[in-house]
Amino acid sequence: MADYNPQTIEPKWQKIWEESGAFLADAEPGRPKYYVLEMLPYPSGTLHMGHMRNYTIGDAVARYKRMRGLNVLHPLGWDSFGLPAENAALQHNIHPREWTNANIAQMKAVCRRFGFSYDWRREISTCEPEYYHWNQWLFLRMFERGLAFRKRSRVNWCPKCQTVLANEQVVDGCCWRHDDTAVEAKDLEQWFLRTTDYADELLDDMKQLDEGWPERVLAMQRNWIGKSSGARIRFRLDGEGETSIEVFTTRVDTIYGATALLLAPDHPLLPGLYKDQPNLPALESEWNELRRHILRPADLATEKLGFFTGRHVINPFSGERVPVWVANFVLMEYGTGAVMCVPAHDQRDFEFCRKYELPVKVVVQPLEGAALDESDESIGEASVEYGRLVDSGPYTGLASEQAIEKMAADARERGFGQAEITYRLRDWGISRQRYWGTPIPILYCGSCGIVPVPDEQLPVRLPDHVAITGQGESPLAGIPEFVNATCPKCGGPARRETDTMDTFVDSSWYFYRYTDPRNGRAPFEPAAAAYWFPIDQYIGGIEHAILHLIYSRFFCKMMRDLGLVTHSEPVLRLFSQGMVQKGGVAMSKSRGNVVAAMDIAERYGCDTGRVYMLFAAPPEKDLEWSEQGIEGCSRFLNRAFRLVDRHAERLRQDQTAKPAAFAAGELTDAERSLLRKTHQTLKRVTDDFELRWHFNTSVAAVMELVNVLYGNEPLEESVRPPVLKTCLETLVAMLAPLVPHMAEELWEMLGHKGGLAKKAWPAFDRELAREDEYEIVVQINGRVRGHLVVEAGLGEEEVVRRALSDEKVAAFLDGKQVVKTVFVANRLVNVVVR
RNA sequence: GCCCGGGUGGCGGAAUGGCAGACGCCGAGGACUUAAAAUCCUCUGGCCUGAAAGGGCCGUGCGAGUUCGAAUCUCGCCCCGGGCACCA
């Protein structure tokens, strides 16, 4: 008897797949499609168990869908990840391309070793011109429509990366790649994509994702887009001129309680405001102090700071004259960069006014509870609830909701404001001062200004030899052959843009390119994308909830407006697998607690690793890595192997024809019971793949089946070969998506030529799965008091009669009166007594 | 503060209105073996009771409620994890 040896079996089938040219069959016309994709791998050189979990889920589902007869697109691609590549260049003096390619080669080796069913022919590298060409092409289309534009703005700057970061890439005031480095602010000319144009649609279309996306991802996106409706109100500056300051507020109903107007420290009107003030030097130094504070995000959470500008504005509703202050907690990036200060009804304003001794004026009384009295010094916090307006001129007595509506309308009529919707989402800054990325296809001409590179000159290629210093400017700026160009408009000298694109641009649409990866005329043919899109199933970690998954939704809508695609959402279903932890901490290279995929493959075989990934926890939950756990999975696969091996010889030699279907009457009890268990298992596993994705219970079900088949009953005598063969074949087919190598081997042992991966998923037979008899629970007042074995489908009357006459049950009924009985077919009888 | 998860044996987890703890790990005992490993078998939530077979009670974070029946549904609390946050 042979033992299960993954070290010989796994390479054997890996080789066969490679030689047969495809891990997945070619698409057949007219068949339904399934596009499954794992989130872009990160070429850090080590595929650890966190990645493996991601890929294992995707691979199992892709294999299952193929066995169900769908055309499956399951491609493989690689991001350029400019930053690690350039860091490697700095540290080891190796070209980013070499570094990237070396890492890609390593990771591909791991993916092949594990038998992931990728379609290698559709592999793409986003860091190569054949891909970034189309990044540039799409950028130019956006430029033509004003969706790509250049402006000077304050940007987040990571001093370690020496590059600009998008807002989405700032985490807790630090760089997403360096959680120990505070992001600084810098004023730079930058290229932006106008994501805000799509803010409303990005929010609205989430309705389509309700079913297929995890709620937490949608919640994070909703939060990030941050829609709020309110009003924009103009306060005229007291004194000469018509200058006015606009504020945005969601609580215009509290405007009669405004006791000041607050400006962000970097508000553009600010320098003009106090230029005539007598105490100018003092104000300037206050201002500089405040600016210093807001430029260091870590300080933001601490203390309210501000100073009086010496100027006043007129409240357009009340006509009141209120002072203009500068406050550190007012953000220039949100709303208008100025707010009205209503201390009675906003906690931040309240704290500010208490500190600087500005008056507190109550204008909204709560509907329930004690009335507020501003003369009462004991008011400890702002009252932010809606209520009824007081001391608010003609609006006094209105409810907050009505007042908000009416006051916005009145402001519009009287010309000093209007209702407005504001978003937290900002335009996406994509300029990066890096070498290893897509060059932005723009020229600057002394006479023509900003000139796009004509399509026929694309791609603007990255020069091969650059000095990467990691300092300040874009490395491309040091290459005269790259920088110096000719203006396509006037033929004069022009300077080429030397920044490259954020690599998140690459990853925003890479999955479209898979549908047409060698296209030289366009990013992809619309028809090719139309067949495969939208993606049926995207699988990835939660870390992309904001960054990648908002960007790619934006790209989809943008490409729809370009006429490239017809759908509005790229991904129908999103699955976020939980993290793999070790010692309670997420595995990551920086923490050094990585369990490498290759080590597991060598020690236990990759199939064992795959089963463990699926079995140890439901896939959306975090998973604690356990050596004992993987030992258990190894034992299970050994048992399955020995089970098939034990019977294989006899089954191969048996000449009895296998019937197309088993008629109940022709089966012995042992045979029927075996077939029943097999089909019940098949139902559970199929349901898990179709509905729930709880692969831990699929594996448990298969383990149960193996335990039954493996048990000490001498199957050789009680079960005829065709029946046993059917059961074992079904078992092996169910194993195929989970442990593809071992399943192929077992399939061959059962006398087949191989190619289980291309076989059909076994058909479920309800009749065979049916139970003949059930154990009925007998409850008295909801407590279990007895059990009863009855034939399937036996009617209520008879079951109740038997239940009541049961000896043990009868003892409990003694002296009691039966009030009613509850009957659940094939399940229970509950007798209610008094 | 707001939003999203979650709380079940020694552990990972199963059960989504019907026997709580499937399956696996750990642990205990046994078989095989000169021995060990591997393998196989049995037991394994707690407490009480019984010589044993068995029987009883308690038990899914806490407290109420709905129901013949609640881990599951409703309400109120507690705790843990994650996300967002001077967003006006």
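These values consider heavy atoms only, across backbone and side chains, with no hydrogens, waters or symmetry-generated copies. A, B, ... follow the sequence lines: proteins, then strands. Residue 1 opens every chain.
- Proximity of V790(A) to R802(A): side-chain heavy atoms (C-beta onward) are separated by under 4.5 Å at one or more points.
- Of the side-chain N and O atoms in R684(A), none sit less than 4.0 angstrom from OP1 or OP2 of A14(B).
- N223(A) comes within 4.0 angstrom of a nucleotide base, judged by non-hydrogen atoms across all strands.
- Toward the 5′ end of RNA chain B lies the nearest nucleotide of M220(A), the other residue of the pair M220(A) and T336(A) mapping further downstream.
- Distances shown here put every side-chain N or O of Y612(A) at or beyond 4.0 Å from the OP1 or OP2 atom of C25(B).
- The phosphate of C87(B) has OP1 or OP2 within less than 4.0 Å of a side-chain N or O from R348(A).
- For the pair I225(A)/M206(A), a side-chain contact is recorded, criterion being any heavy-atom separation below 4.5 Å from C-beta on.
- Q347(A) contributes a side-chain N or O that, together with a main-chain N or O of A382(A), makes up a donor-acceptor pair within less than 3.5 Å.
- Nearest to the side-chain atoms of R216(A) among the listed nucleotides C4(B), C87(B), A15(B) stands C4(B).
- Nucleotide C23(B) holds its P atom 17 Å from the OH atom of Y710(A), rounded to whole Å.
- Listed by first and then second residue, the side-chain hydrogen bond (donor to acceptor under 3.5 Å, both in side chains) pairs that reach into residues 621-630 of chain A are Q581(A)-D622(A), R603(A)-E627(A), Y604(A)-E627(A), W625(A)-E627(A), sequence neighbours excluded.
- Counting any heavy atom pair closer than 4.0 Å across all strands shown, P618(A) reaches sugar-phosphate atoms only and no base atom.
- Cation-pi contact between R573(A) and W213(A): absent, since separation from the ring centre below 6.0 Å together with deviation from the ring axis within 45° is not met.
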Is there any protein nitrogen or oxygen under 3.5 Å from a nitrogen or oxygen in nucleotides 27-33 of chain B, and what are the pairs?
none

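- Centroid-to-centroid, the aromatic rings of F575(A) and W693(A) come within less than 6.0 Å.
- Of the candidate nucleotides C4(B), A85(B), C19(B), A85(B) has the atom lying nearest to any side-chain atom of W224(A).
- Heavy atoms of R785(A) sit under 4.0 angstrom from primed sugar atoms or phosphate atoms, though from no base atom.
- Between the C1' atom of C68(B) and the CZ atom of R834(A) lies a distance of 13 Å, rounded to the nearest Å.
- The side chain of F615(A) lies closest to G12(B) when the candidates are G12(B), C86(B), C4(B).
- The stretch residues 823-832 of chain A comes close to RNA chain B through V824(A), R827(A), L828(A), N830(A), V832(A), each having a heavy atom under 4.0 Å from the strand.
- Taking only side-chain nitrogens and oxygens, R424(A) never comes nearer than 4.0 Å to OP1 or OP2 of C2(B).
- The side chain of K304(A) places no N or O atom within less than 4.0 Å of a non-bridging phosphate oxygen (OP1 or OP2) of C86(B).
- Within the nucleic acid shown, Q779(A) comes within 4.0 Å of at least one base atom, counting heavy atoms only.
- In the region residues 627-639 of chain A, proximity to RNA chain B at under 4.0 angstrom, judged on heavy atoms, holds for Q628(A), G632(A), R635(A), R639(A).
- Among residues at least two apart or in separate chains, salt bridge (charged side-chain N to carboxylate O under 4.0 Å, His left out) pairs with a member in residues 681-710 of chain A are K65(A)-E690(A), R68(A)-E690(A), K677(A)-E704(A), K683(A)-D687(A), R684(A)-E704(A), D688(A)-R692(A).
- Rounded to an integer number of Å, the gap from W213(A) CH2 to C4(B) P is 18 Å.
- Syn is the conformation of G9(B), whose glycosidic angle sits no further than 90° from 0.
- R639(A) and N707(A) share a side-chain donor-acceptor pair at under 3.5 Å.
- Here, G55(B) and U44(B) have their P atoms 14 Å apart, quoted to the whole Å.
- If you check every strand for non-hydrogen atoms under 4.0 Å, R232(A) touches nothing.
- Side-chain N/O atoms of N707(A) include one lying less than 4.0 angstrom from OP1 or OP2 on G24(B).
- Residue order along RNA chain B, read from the 5' end via each residue's closest nucleotide, puts V699(A) first among V699(A) and V822(A).
- When distances run from any side-chain atom of H694(A) to the nucleotides C87(B), A88(B), A14(B), the shortest one goes to A14(B).
- Cation-pi geometry between K304(A) and F329(A) is satisfied (NZ or CZ under 6.0 Å from the ring centre, within 45° of the ring normal).
- Residue F248(A) contributes atom CZ, which lies 8 Å from atom C1' of A88(B) at whole-angstrom precision.
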Here RNA chain B, pairs taken as Watson-Crick or G-U under 3.5 Å and shown with ( ), [ ] when crossing and | when to another strand, reads (((((((..(((.....[....))).(((((.......))))).(((((....)))))..(((((..]....))))))))))))....

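- Relative orientation of the F416(A) and F317(A) rings is perpendicular, given thresholds of 30° and 60° on the angle between their planes.
- Counting non-hydrogen atoms of neighbouring residues, nucleotides and ligands closer than 6.0 angstrom, the CD atom of E797(A) reaches no more than 12 such neighbours.
- Considering only side-chain atoms of R642(A), the nucleotide from C40(B), A22(B), C57(B) that sits closest is C40(B).
- The separation between E704(A) atom CD and A14(B) atom C1' is 10 Å, rounded to whole Å.
- Rounded to whole Å, the distance from CD on E333(A) to P on A85(B) is 12 Å.
- Across all strands shown, R783(A) has heavy atoms under 4.0 Å from sugar-phosphate atoms exclusively, and none from any base.
- For A88(B), the OP1/OP2 oxygens have a side-chain nitrogen or oxygen of S228(A) closer than 4.0 Å.
- With hydrogens and angles ignored, a donor-acceptor pair closer than 3.5 Å exists between the side chain of E775(A) and the base of C19(B).
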